[in-house]
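The structure appears below as structure tokens.
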Amino acid sequence: MSGLLVVDRVTKRFGGITALDGVSFRLQAGETVGLIGPNGAGKSTLIGVVSGFIPPTVGRVHFGGVDITGWPPHRVANLGLRRTFQAANVFHGLNLEENVLIGAAGLSWSAQLRGEARRILESLRLEPKAYPAALTAGQLRLLAVARALVARPRLVMLDEPAAGLSGAELELLGKLLERFRLDGTTVLLIEHNVSLVFAHCNRVLVLDLGRLIVDGPPAQVAMDRRVVEAYLGTG
Ligand code: ADP
Ligand code: MG
């Protein structure tokens, strides 16, 4: 199957709740794709299934031509597929550089990797030797993004990275996304901030009640009647 990521008819049920209902799509290497949809649409569940945290009830996930369905998260991560969580998990006993390097677990913390951690932190105006207690909620989210990017993943999936960010922090996040896009990193961006999605993504997927209802370029998605009804109109 062609495509860096192939999600093939994935269904996930939690008891009586169908969080994902026959979802299929592909991501090509180098794409920046947005994933939007109302609360409870299944966005985080989809990231969980792709990253190995949530086993699908039905369906397969292929990454880089390998069937990774049912693989544990660390094995998936080692293939170069990274994610952030909606809640930023922070290690208070570690400084910011170390908090970022945690994202490269499994690789040794080489001088090159340390340099990359410092570069990403500095681009986010974060001091590598500072400790997380000094950060705002928005800066903690940026720290989580830095952690997902430090090991140069082939695909990174960001779960609402802009939630709670100030205008200035949002701008720093936008610049970082742009840099990684230019480097060829494939990005799946879950966001309620639709303007961030439309500014950075060449394609947008829309989930509603576990179903993928639209997959197209931003201009098409913004005008889609189902999207307006399911999401934009209620925003
Ligand atoms: P989104 O990220 O789009 O807001 P989620 O993927 O978090 O949506 O949730 C999709 C649906 O699955 C919701 O109805 C949610 O309540 C349900 N759900 C998610 N995780 C679980 C779980 N671990 N157990 C039971 N229901 C869950
Ligand atoms: Mg979510």
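Throughout, residue positions are numbered sequentially from 1 according to the sequence presented. Heavy-atom basis, side chains included; hydrogens, waters and symmetry copies ignored. Every number for a ligand or one of its atoms is a count from 1 in the order of the listing.
The closest approach between Gly48 and ligand 1 stays at or above 4.0 Å for every heavy atom of the residue.
Each of Val145 and Leu81 belongs to its own hydrophobic cluster when Ile, Leu, Val, Met, Phe, Trp and Tyr are linked at side-chain heavy-atom distances under 4.5 angstrom. Linking ILVMFWY side-chain heavy atoms closer than 4.5 Å, directly or via other members, places Leu35 and Leu149 in two distinct hydrophobic clusters. The cluster map of Ile, Leu, Val, Met, Phe, Trp and Tyr, joined by side-chain heavy atoms under 4.5 Å apart, puts Val214 and Leu20 in different clusters. The same ILVMFWY cluster, assembled from side-chain heavy atoms under 4.5 Å apart, contains both Leu196 and Val194.
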Set out, in order, the CA-CA distance, both residues' side-chain angles and the distance that settles side chain to side chain contact (heavy atoms under 4.5 Å, CB included) for Leu5 and His62, then state yes or no. CA-CA 6 Å; Leu5 178 74; His62 295 251; over 6 Å; no
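Scanning the protein heavy atoms around atom 6 (O) of ligand 1, the nearest turns out to be Thr45 OG1, 2.6 Å. Nearest protein heavy-atom contact of atom 14 (O) of ligand 1 is Ile17 CG2, 3.8 Å. The protein non-hydrogen atom at the shortest distance from atom 27 (C) of ligand 1 is Phe14 CD1, 3.3 Å. Of all protein heavy atoms, the one closest to atom 4 (O) of ligand 1 is Gly40 N, 2.8 Å. Of the protein's non-hydrogen atoms, the one nearest atom 12 (O) of ligand 1 is Ala19 CB, 3.3 Å.
Taking a distance limit of 4.0 Å, we find that atom 16 (O) of ligand 1 is approached by no protein heavy atom.
Close approach of ligand 1 to Asn39 (heavy-atom distance below 4.0 Å) involves ligand atoms 4 (O). Distances below 4.0 Å separate heavy atoms of Pro38 from the following atoms of ligand 1: 3 (O).
Here Asn39 fails the criterion, with no N, O or S atom under 2.8 Å of the Mg ion (ligand 2). The Mg ion (ligand 2) does not have Thr45 among its coordinating residues (no N/O/S atom, backbone or side chain, under 2.8 Å).
No donor-acceptor contact under 3.5 angstrom links the side chains of Gln28 and Thr186, judged on distance only. Side-chain contact, Thr32 with Asn202: no donor N or O sits under 3.5 Å from an acceptor N or O.
Taking the centre of each ring, Phe91 and Tyr131 stay at or above the 6.0 Å mark.
Leu121 is listed as a side-chain neighbour of Leu143, based on a closest heavy-atom distance under 4.5 Å.
For ligand 1, none of its N or O atoms has an N or O atom of Gln86 under 3.5 Å away.
The angle subtended at the Mg ion (ligand 2) by OE1 of Gln86 and OG of Ser44 is 80°, given to the nearest 10°.
Within the set Ala41, Gly37, Gly42, Ser44, the minimum heavy-atom distance to atom 2 (O) of ligand 1 is found for Ser44.
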